[in-house]
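First the structure, in the form of structure tokens, and then the observations on it.
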Amino acid sequence: MTTTERSTDTAVTSAAAMNSALDVAMAADDKIILLGEDIAEPTGGVFKVSKGLSTKYGVERVRSTPIAEQAIVGTAVGLALGGYRAVAEIMFFDFIAVCMDQVVNHAAKFRYMTGGATPTPITVRTVVGSSRFGAQHAQSLEAWFMHTPGINVVMPSSPADAKGLLAACLESEDPCLYIEHISLAYSKKEEVPTGHYSIPLGQANVLRPGRDVTLITYGPQVPVVEQAAEELAAKGIEAEVIDLRTLVPLDFDTVLSSVERTRRAVIVHEATQFCGPGAEISSHIHEELFNELIAPVQRVGSDYSPVPFSSALSGYPTVAKIVHSVEELM
Amino acid sequence: MSEQTLSHTTTTDAGSIPGTDVLEQMYRLMVTTTLADNRSTQEAKAGRLQAAFYPVRGMEAVCAALGAVLTPQDRMVSTYRNLGDALAKGVTLRSIMAELYGRIDGTSKGKGGPMHLHDTAVGFMATTGIVGSGLPIAVGLALANQLDGGGAATVVTFGDAATSIGAYHEAMNFAALWKLPIVFICQNNQWGEHTPIAEYAPSVELAKRASAYSMHAERVDGFDALATLHVIETAVERARRNEGPTFLECVTYRLTGHSGTADFSYVPRDELEAAMQRDPAPTFRTLLIDRGLTTSERIEALDREAEAYVLDAFQFAENSPLPHEDELFSDVFANDTWVRSVK
Ligand SMILES: Cc1ncc(C[n+]2csc(CCOP(=O)(O)OP(=O)(O)O)c2C)c(N)n1
């Protein structure tokens, strides 16, 4: 972890933290180009992540584009081949289906298909996690990309991580999919280093130590799992909480060394449980630690349905579901 | 083919005929392409080449024109039907053939295959097996060049049927909007796999559709090497001067099946025979000799040179080692440590 300066007293949101990561990187490297719908002033991106950047760096480098996701990501890939570093903003994660070809068949494959000659280190930034627009603006699709060799998958859970991990994506020699969660982008504020600050990809964060069970999660479920850990503590169960931060590369070392001690594990995520990231992590733990485990690894993912609109319906993991799952293990 | 009218003159006017060195270079490229193409098809049919090979027969003149105009500073993005494009850009036939055979000396260490050739040293930047997907990537390369201050052209080649896909339209729009230094070369061989152009396009004059994007668009007889050379040169120079994009529809005909082993009995006999009459390399040979632009002795020497070059490349490819099995895990990411830990 590299920290230059820390902001003294102002706490910022993840949106502001990401803006700072882009600002610092663009100031240092004039090869960084942002592409996306409405990202230049006066809008500064519909989520305001690029606010002020086109004024500072010009509309050549902060390019508002037509509504054309294939061309946004394809142009980013081409810019990478031409020696630039492009950050392509896809307004909602669901829209990635429109440009799946460029992300999966091109960005993720060029290094391999050319025997290492043409890496395409682009960053695709996207947003997930609100059911208030219904099922086409809410899907957690990270498993699609974990299933595709050649692209890093990153999902921060706090403003400081949002900055540090975005900076790492911008510095990475490989394509990165950087997924932001709406519920984290504006609400939580914390102090974030103001200068250059990056967190290496592939290093999970142990947020809370515990001896009885390991709760493995990432992104928007981090605060939910932390709350569940509090409730469990009140019942005398000490849960260790791991925020994976990156899903590819996935820090199995941290996961396994924790579960080796606690001998129990629950994986929690907002993606659909069926064929979700938890299935792979669970399987990995079983293969490595079968004899150590007191009980089978559990998963708490979203129910097998599209994300419903009505607040009366929800398939998301909850504190109660997580607590219940842990209690079943004890 | 016959009912289509070409908006560009198909006859060559003497004033614009290039020097003998350029003409001979073009002829050499056409013959090399034809010979290497025929041989690849033969090898695939005989089962010695386990690759989906996509012949470029019929498009040799367009490739030769590209070869005569482009420098290594210009960049190209091509498709699975890329043999002539790759040669035009200066990729060696040895490295192309080694890649076809999945060998370590191939352009991609045998890990890409015929649909994924590249050689960045000569500006042959990428090839893709997804129809139409090269256009947005070329747009990115052209944008990079524009941001760098311009001076070079980005060329992207694609088939006629690629003009139906969304990526094509998105890329054309970006290029016109941002006035990018790019030349879209549509190699219109009039077939999309098994479907003739008239069955998938309401307007078979693709250049007309392209002009709706407010960019320069032109249609040329792609069997006419000199006419094609002229329009490509003009378009590339426009790009190099940073004066914006051009769409060129080079009308040819697919002289073989879609792939090296595919049946193409569905292609109407009369159309194919008419097109065969205009087979690019022999046509150009006749033109050069009839007009006294070179001698039959020179032509014969160039033929022998091409034969030897092709023979050598195939021999080289067959003798090249297979990639070590460890290559499976390298080049997935910059660092392969994590990849090797994944089960
Ligand atoms: C997106 C996509 N759809 C379908 C295919 C299968 N396919 C490969 S080539 C081809 C025909 C394309 O024709 P055209 O663009 O005219 O190029 P040509 O092959 O004639 O050079 C098809 C359908 C593909 N590779 N990619």
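Just the heavy atoms: all of them, side chains too, but no hydrogens, waters or symmetry mates, feed the values below. Chain A is the first sequence line, chain B the second, and so forth, proteins listed ahead of strands; every chain is numbered from 1.
Closest heavy-atom contact between Trp178(B) and Thr65(A): CH2-CG2, 3.9 Å. The shortest heavy-atom contact between Ala144(B) and Leu79(A) is N-CD2, 3.6 Å. Minimum interatomic distance between Thr118(A) and His118(B) (heavy atoms only, all atoms of both residues): CG2-ND1, 4.4 Å. Contact record, Gln70(A) with Ala167(B): OE1-CB, 3.3 Å, taken as the closest heavy-atom pair. Annotation for His106(A) and Ile130(B): closest pair CE1-CG1, 3.8 Å, computed over non-hydrogen atoms. Taking all atoms of both residues into account, the shortest heavy-atom contact from Pro136(B) to Ala71(A) is CB-CA, 3.9 Å.
Only the backbone of Ile151(A) comes within contact range of chain B, judged by heavy atoms closer than 4.5 Å. Contacts of Ile33(A) with chain B are made by side-chain atoms alone, with heavy-atom separations under 4.5 Å and no backbone atom involved. Residue contact with chain A, scored on non-hydrogen atoms closer than 4.5 Å, is absent for Thr154(B). Neither the backbone nor the side chain of Arg61(A) has a heavy atom closer than 4.5 Å to any heavy atom of chain B. For Pro66(A), the parts sitting under 4.5 Å from any heavy atom of chain B are the backbone and the side chain alike. Using a 4.5 Å cut-off between heavy atoms, Ala138(B) makes no contact with chain A at all. Residue contact with chain A, scored on non-hydrogen atoms closer than 4.5 Å, is absent for Ile165(B). For Glu69(A), the part sitting under 4.5 Å from any heavy atom of chain B is the backbone (N, CA, C, O) and nothing else. Of the two parts of Leu177(B), only the side chain, counted from C-beta on, holds a non-hydrogen atom closer than 4.5 Å to a non-hydrogen atom of chain A. Heavy-atom distances place the side chain of Gln146(B), and not its backbone, under 4.5 Å from chain A.
Atom CZ of Phe329(B) has 12 or fewer neighbouring heavy atoms from other residues, nucleotides or ligands inside a 6.0 Å radius. Heavy atoms of other residues, nucleotides or ligands lying less than 6.0 angstrom from CG of Leu322(B) number more than 12. Surrounding CD of Gln136(A) are at most 12 heavy atoms belonging to other residues, nucleotides or ligands under 6.0 Å away. No more than 12 heavy atoms of other residues, nucleotides or ligands sit less than 6.0 Å from atom NE2 of His147(A).
In terms of heavy-atom pairs under 4.5 Å with chain A, the best-connected choice from Thr107(B), Thr128(B), Val339(B) is Thr128(B). Among Lys109(A), Arg63(A), Glu60(A), Glu280(A), the residue with the largest count of heavy-atom pairs under 4.5 Å with chain B is Arg63(A). For the set Asp101(A), Ile72(A), Leu35(A), Val77(A), the count of heavy-atom pairs under 4.5 angstrom toward chain B peaks at Asp101(A).
Between the side chains of His116(B) and Thr114(A), not a single donor N or O lies within less than 3.5 Å of an accepting N or O.
Without hydrogens or angle criteria, Glu173(A) side chain to Ala334(B) main chain gives no donor-acceptor distance under 3.5 Å. Gln102(A) places a side-chain N or O within donor-acceptor distance of the main-chain N or O of Ser133(B), the cut-off being under 3.5 Å. For Ser108(B) (side chain) and Met113(A) (main-chain N/O), a donor-acceptor pair under 3.5 Å exists by modelled atom type.
A salt bridge links Lys31(A) to Asp148(B): one of the charged nitrogens lies within less than 4.0 Å of a carboxylate oxygen.
Taken from CZ in Phe110(A) to OG1 in Thr127(B), the straight-line distance is 7.5 Å, to the nearest 0.5 Å. With values rounded to the nearest 0.5 angstrom, Phe333(B) atom CZ is found 12.5 Å from Tyr112(A) atom OH.
Tyr84(A) is not listed as a side-chain neighbour of Leu143(B), based on a closest heavy-atom distance of 4.5 Å or more.
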